[in-house]
Each structure stands twice: as structure tokens, then as C-alpha cells.
Engineer: 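Mind having a look at this structure? Questions to follow.
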Amino acid sequence: MMLIHTHHFRDIERKPEYLQPEKCVPPPYPGPVGTMWFIRDSCGIACAIVTWFLVLYAEFVVLFVMLIPSRDYVYSIINGIVFNLLAFLALASHCRAMLTDPGAVPKGNATKEFIESLQLKPGQVVYKCPKCCSIKPDRAHHCSVCKRCIRKMDHHCPWVNNCVGENNQKYFVLFTMYIALISLHALIMVGFHFLHCFEEDWTILGMEPRTSSMLECSSFSPPTTVILLILLCFEALLFLIFTSVMFGTQVHSICTDETGIERLKRKNQPREHTANWSSVKDTCGGDFSLNWFNPFSRPWQPEMPSDKDLVRQVSSLSDVESTQTTEEHSEEIKDEDSVEVLDE
């Protein structure tokens, strides 16, 4: 019996006692289905509050500065309905992404008794996380903020105060999409508002229009209106760029069935990308329909991994070492695993 060190982050162990299983608390009795999930992280909570505040600020400017004072009632009604619907869907998607269990692995099951009950055979390994004392299924990674291993973890997003994983990736994609849409819509309305309400002879320095057109377009004073619109334009432009990039990245991850962490781990190893329609349907919740765009429609819910799914098969010890070596290319991911291997 011996302990072989492959590199700084991960070890291959041959003794179940390596993790000190007596310190692993057995998993608690599972709660009811749909139990609320919320991460108590001060930074994430602050970012989530800021997100809501910025969306509500945009709502205020669009309604009370641009639409309600306008005398074009058809324009105001149509744009008001579209903007409010998109804003509602964006905030609903944000809540679902924040309050949905992203796919957490049960904690505390990496005990000596449980590992022995798996009856590992030669060539079989079990990955364990010493941080949360859990047996990790394939493609699970530990999040230092959530303090849990998350199945198919893509990344931890402070703006939704949660990990983006197997169960809530759809909601995160919808959140980025709807935020990008309302940002684009707000920019277009600001452009029309400036063209319609600010005439060429309006002096910005004097802040006194020669006509009454400005008073017909806003119930606020010209200086206040300009400041509010410039802030909204700046906010919408930043959000449009940021969420569009995130949306494209997430769609690419879903289509290639490869998470952001998995891309980092193989960044020096080229991989051929192939379209994976089944992955898209699993993430979005079945065959294409309007429910793909509905944040209240649940995605496909995978079954919890069985004991057999926790055991992985390798042909030799060198295969395990090769798997671990890929971790050296992403030191920023402190995913300190250990692998239980049975002597042949």
C-alpha cells in the first residue's frame, strides 16, 4: 500500500483513511423536493441587489421620462408592454437562476463505510472531494463559494449569487438573453427620444429650449432629463455588451456540451467541437417550443447519480495520472480531489 503524488493539487490514494472519513459528517436527511436554495455570500447578495436596482432604474427612466409624458399613445403603449414584459422575464429568470439548486452533490458521503460498500474492483476508481467530503460523480466540480460540489458546473456567477450548473443553466441563459434585449430596446428608445424631443436650436449650456417640445416629452427639467437618459444609455450599453458575450458563451457551451471549467482544463489540448442537439434539449427542457423561453418552465431534471454511477473505470493507473495532469493547466481552479484506487 502506498500513496503516489502526481502534482500539487491532487493525489491518488490507496487507503480509504486518507480523507479521515471519521471527520466526514453523514449526509443529512434529504429535504422535500423544491426546497429553497440560497447562497449566503455577501458579495453575491450585493451583486444581485445591484442587478435588480439597475433594472428598476431602467424601468423608471423608460416609463416616467420617455413613455408616459409622450403624446404618441400608440408608441408608448406598445413599447411599454414590450419593455415591461422583457424586464419581468429577465427578473424572473434571475430569481430562478439564483434560487434553484444548480446540481449540488450530497455532502458527507465520502465515509469509509460507504466507499467499502461500493466494492471497488481492479481498475475502478472513485473521485472524492476532501473539501465537502463528497463522492463526486463525473463532470462535477467543487465551488469554494457555494462550498459544495456542483454537477456540470460552468462557473460561479456573483450577479445571480449562485453557480451555473446542471439544473439552472437554462435560467441563466434566459437571464442574459432578456437583459441583452431590454438593453437594446432601451438604447433604441433613447435614440428616438433624443431625435424627437431635442431640437437643433436647444442650447445644452443654457438648458433652455426655445420651443415647448421638451416639455411635451418629459415631466422633468431638461438638465434632469439629459442626466437620466445619459445614465440609462451608459448602463444599457454596458449590459448589452456584457450579457451578449455571456449569452454567446453559454450557448456555445450547451451546443458543444462542454462547461467553462472543462474548457480551462483542456486549454492546451485541442478538441473537436461537434453539435450536440440532445444537450440543447436537455438544458432547455425537451423539444423546441415556447417553453424554451419561459423561465417558469423547468429544464430536464436528471436523476441523482446512483452508487454505480459514482464508480469510474480506468484501464490502468497511468490513465488516472494522465487525467490528473490536466489539472496543472488551470491552477486558478483549486479543485483538490483525491482518487480511491483498489490495488490489482
Engineer: With a 3.5 Å distance limit and no angle check, can you tell me whether N79 reaches the backbone of V82 through a side-chain donor-acceptor pair?
Structural biologist: no
Engineer: Would you name the heavy atoms of N162 and C146 that are closest together and state the gap between them?
Structural biologist: OD1-SG, 4.1 Å
Engineer: Give me the ring orientation class for H155 and F172: parallel if the planes are under 30° apart, tilted from 30 to 60°, perpendicular past 60°.
Structural biologist: perpendicular
Engineer: Of the non-hydrogen atoms in S134 and C149, which two are nearest, and what is the gap between them?
Structural biologist: OG-SG, 3.6 Å
Engineer: With side chain to side chain contact (heavy atoms under 4.5 Å, CB included) as the criterion, how do N291 and N294 come out once you've worked through the C-alpha distance, each side chain's angles and the decisive distance to 0.1 Å?
Structural biologist: CA-CA 5 Å; N291 281 330; N294 180 11; 3.7 Å; yes
Engineer: Could you grab the distance from atom OG1 of T176 to atom CE of M246, nearest 0.5 Å is fine?
Structural biologist: 7.0 Å
Engineer: Would you check if C47 and V50 make a side-chain contact, meaning some heavy-atom pair closer than 4.5 Å?
Structural biologist: no
Engineer: If I take atom CG from residue L174 and atom CG from residue L89, how far apart are they, to the nearest 0.5 angstrom?
Structural biologist: 8.5 Å
Engineer: Linking I/L/V/M/F/W/Y whenever any side-chain heavy atoms sit under 4.5 Å apart, do V245 and F239 land together?
Structural biologist: no
Engineer: Under 3.5 Å, is there a donor-acceptor pair between the side chain of N161 and the main chain of I39?
Structural biologist: yes
Engineer: Between W52 and C95, does a side chain to side chain contact (heavy atoms under 4.5 Å, CB included) hold up when you go through it step by step?
Structural biologist: CA-CA 10 Å; W52 274 69; C95 286; 3.3 Å; yes
Engineer: Do F175 and F296 land in one hydrophobic cluster if side-chain heavy atoms of ILVMFWY residues count as linked below 4.5 Å?
Structural biologist: yes
Engineer: State, yes or no, whether a side-chain contact exists between Y127 and I135 at a heavy-atom distance under 4.5 Å.
Structural biologist: no
Engineer: Strictly distance-based, threshold 3.5 Å: is any side-chain N or O of N168 a donor or acceptor partner for the main-chain N or O of M98?
Structural biologist: no
Engineer: Where do T225 and V65 come nearest, in terms of heavy atoms and distance?
Structural biologist: CG2-CG1, 3.8 Å
Engineer: Can any side-chain N or O of W159 pair as donor or acceptor with the backbone N or O of H94 at less than 3.5 Å?
Structural biologist: no
Engineer: Roughly how far apart are I188 CD1 and F192 CZ, rounded to 0.5 Å?
Structural biologist: 7.5 Å
Engineer: Side-chain contact, heavy-atom cut-off 4.5 Å: L187 with S183?
Structural biologist: no
Engineer: With Q250, which of T283, D154, T259 fulfils side-chain hydrogen bond (donor to acceptor under 3.5 Å, both in side chains)?
Structural biologist: D154
Engineer: Look up atom CE in M66 and atom CG in L232, then write down how far apart they are to the nearest 0.5 Å.
Structural biologist: 5.5 Å
Engineer: At their closest point, which heavy atom of A97 faces which heavy atom of Y171, and how far apart are they?
Structural biologist: N-CB, 3.6 Å
Engineer: A92 and P295: which non-hydrogen atoms are nearest, and at how many Å?
Structural biologist: CB-CG, 4.0 Å
Engineer: Using every non-hydrogen atom in the two residues, find where C129 and K136 come nearest and quote the distance to one decimal.
Structural biologist: CB-CD, 3.6 Å
Engineer: Group every Ile, Leu, Val, Met, Phe, Trp and Tyr by side-chain heavy-atom contacts under 4.5 Å, then state whether I68 and I182 land in the same group.
Structural biologist: yes
Engineer: Check the side chains of R263 and S253 for a donor-acceptor pair under 3.5 angstrom, ignoring hydrogens and angles.
Structural biologist: yes
Engineer: Between F60 and L56, is any pair of side-chain heavy atoms under 4.5 Å apart?
Structural biologist: no
Engineer: Determine, using the 4.5 Å side-chain heavy-atom cutoff (strictly less than), whether L238 and L54 are members of one ILVMFWY cluster.
Structural biologist: no
Engineer: Side-chain contact, heavy-atom cut-off 4.5 Å: Y75 with L67?
Structural biologist: yes
Engineer: Would you call E166 and R151 a salt bridge, taking side-chain N to carboxylate O under 4.0 Å as the test?
Structural biologist: yes
Engineer: Using side-chain contact (heavy atoms from CB on, under 4.5 Å) as the criterion, point out the one residue from V105, V164, I261 that pairs with M153.
Structural biologist: I261
Engineer: Please assess M189 against V62 for the test side chain to side chain contact (heavy atoms under 4.5 Å, CB included), listing each intermediate value before the final yes or no.
Structural biologist: CA-CA 8 Å; M189 285 191 291; V62 168; 3.5 Å; yes
Engineer: Is the shortest side-chain N to carboxylate O distance from D257 to R139 below 4.0 Å?
Structural biologist: yes
Engineer: Please step through side chain to side chain contact (heavy atoms under 4.5 Å, CB included) for the pair W37 and T100, ending with a clear verdict.
Structural biologist: CA-CA 6 Å; W37 173 275; T100 299; over 6 Å; no
Engineer: Rounded to the nearest 0.5 Å, how far apart are CG of D282 and NZ of K170?
Structural biologist: 12.0 Å
Engineer: Between F64 and I81, is there shared hydrophobic-cluster membership here, with clusters defined by ILVMFWY side-chain heavy atoms closer than 4.5 Å?
Structural biologist: no
Engineer: Is the backbone N or O of L228 less than 3.5 Å from a side-chain atom of Y57, with the two atoms forming a donor-acceptor pair by type?
Structural biologist: yes
Engineer: Which value, rounded to the nearest 0.5 Å, describes the distance between R148 atom CZ and I150 atom CD1?
Structural biologist: 6.5 Å
Engineer: Is there side-chain contact between F88 and Y178, with at least one heavy-atom pair below 4.5 Å?
Structural biologist: no
